[in-house]
Amino acid sequence: MGQARYVYAVLSRRARGVSIGINLNPDKICNFDCIYCQVDRTTPPELREVDEEVLLDELASILSSARGGTLFQEPAFASIPPEGRRIADISFAGDGEPTTYPRFREIVASVVALKERLGFGSLKIAVLTNCTVLDRPAVQEALEILDRSSGEIWAKLDAGTEAYYEKVCVPGGARFAKVLYNILETARRRPIVIQSLFLSLDGAGPSRQEIAAYCGRLREILEEGGRIKLVQVYTVARRPAVSSVAPLGDAEVDAIAEEVRRSTSLPAESYYGSSAWRE
Ligand code: SF4
């Protein structure tokens, strides 16, 4: 397969298979500037625009090569045991916030139509989002299209307090209250997944009060009619640009997940970073 511009296949421990990512932000512009972000913004982007025709061709090519088995002969995937040789999901997750792409609704509709045409109708499509613009009508329409075709919203919530949110996510203007409101409204319409990254900053993880406040936010969402199907607690796995950021230890990740389960009764899963961390 030639060098793809917008669509990439990665081995995903979380998805237990190969995940197909779609990057709607090749310009690397994001309305957050998370201190743990993995996107290298020190080098200029190779592309600034999304050519949707090319993107859809790339997606069709990867799906077809998965169906034919050639995808799993590529070096990156050749070690996958036979039972793991499957496409686990498609995810809108790139070098910025996917829902800010101006034609998000249109590209979602095209991706759904393509996967259905190629016989992958039940394949999950996840949208990894920082939730800042989920209140836009066109974005809501996109989510409704996804609701009808195995869509799933993975909503980022990395804090319990505004101060910690500002420190970790460095949002360009989006208030914490708006993010929480958008998560609630989205979760009122369909069950969502909450994705929460906690980290060590200058040698210190989040305080007990921060985690208590974070669990309180989850409870508020539930009490106000939101539905959460899963909370994913994870930490950094690769070194970001900010050098004072490091992963939490596995036990610390587990302790947060346990606190989520204890105080909200929600299912919570841990995803570790330390074993993959490279100094
Ligand atoms: S929202 Fe995602 S892409 Fe944007 S800065 Fe944060 S981690 Fe990076």
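Remember, it's 1-based here, ligands and their atoms both numbered in the order they're listed. Each residue takes its place number in the sequence, starting with 1. Just so we're clear, the structure is a prediction, and the values are computed from it rather than from any experiment.
Judged by distance alone, with hydrogens and angles left aside, the side-chain atoms of Tyr6 form a donor-acceptor pair with the main-chain N or O of Asp51 at under 3.5 Å. Although no hydrogens or angles enter the test, the distance criterion places no donor-acceptor pair under 3.5 Å between the side chain of Glu97 and the main chain of Asn31. Panel note: side chain Thr235, backbone Phe198; a donor-acceptor pair is recorded below 3.5 Å. For Glu185 (side chain) and Asp135 (main-chain N/O), no donor-acceptor pair under 3.5 Å exists by modelled atom type. Judged by distance alone, with hydrogens and angles left aside, the side-chain atoms of Lys115 form a donor-acceptor pair with the main-chain N or O of Leu123 at under 3.5 Å.
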Quiz: residues 81-89 side-chain donor-acceptor pairs under 3.5 angstrom, not counting sequence neighbours:
unit_1, atom_1, unit_2, atom_2, d
Arg85, NE, Ile80, O, 2.8
Arg85, NH2, Ala78, O, 3.2
Arg85, NH2, Ile80, O, 2.9
Arg86, NE, Arg16, O, 3.3
Arg86, NH2, Ala15, O, 3.1
Arg86, NH2, Arg16, O, 3.1
Asp89, OD1, Ser19, OG, 2.5

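Protein N, O or S atom count below 2.8 Å of atom 6 (Fe) of ligand 1: the structure gives 1.
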